[in-house]
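Okay, structure first, notes after.
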Amino acid sequence: MTESTENPQAFWYLTLDTTCPSCNEYVDLLESVEFWNGRKIEPIESQKDVDVTCPKCDHEFKVDCVF
């Protein structure tokens, strides 16, 4: 058996979960392509009053992103 000289990889999986105040659906905002459109936010950054659109019902609302 040949041993590998490389370490195994570990993968990050990120979600940005919220509940839409209009349709009450639990959604991952990162599933929406529009979320990143023109936005400059780091995944580990907390930010207030971020404009988002629910990927389920297209309702526009604000969220506070918390890491």
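These values consider heavy atoms only, across backbone and side chains, with no hydrogens, waters or symmetry-generated copies.
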Please list every donor-acceptor pair under 3.5 Å in which a side-chain atom of residues 24-35 meets a protein atom from a residue at least two apart or in another chain.
residue	atom	partner	partner atom	Å
Tyr26	OH	Asp17	OD2	3.2
Asp28	OD1	Leu16	N	2.9
Asp28	OD1	Leu30	N	3.0
Ser32	OG	Glu34	N	3.4
Ser32	OG	Glu34	OE1	2.9

Evaluation steps, side chain to side chain contact (heavy atoms under 4.5 Å, CB included), between Val50 and Asp64: CA-CA 6 Å; Val50 177; Asp64 292 342; over 6 Å; no
Cys57 and Cys20: CA distance, side-chain angles, deciding distance, side chain to side chain contact (heavy atoms under 4.5 Å, CB included) verdict: CA-CA 9 Å; Cys57 72; Cys20 175; 3.7 Å; yes
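Ring geometry for His59 against Phe61 counts as parallel: the plane angle stays under 30°, on a 0 to 90° scale with 60° as the upper cut.
The backbone N or O of Lys62 sits nowhere less than 3.5 Å from a side-chain atom of Asp51 that would complete a donor-acceptor pair.
Cys54 has its side chain within reach of Cys23: a pair of non-hydrogen atoms, C-beta onward, lies under 4.5 Å apart.
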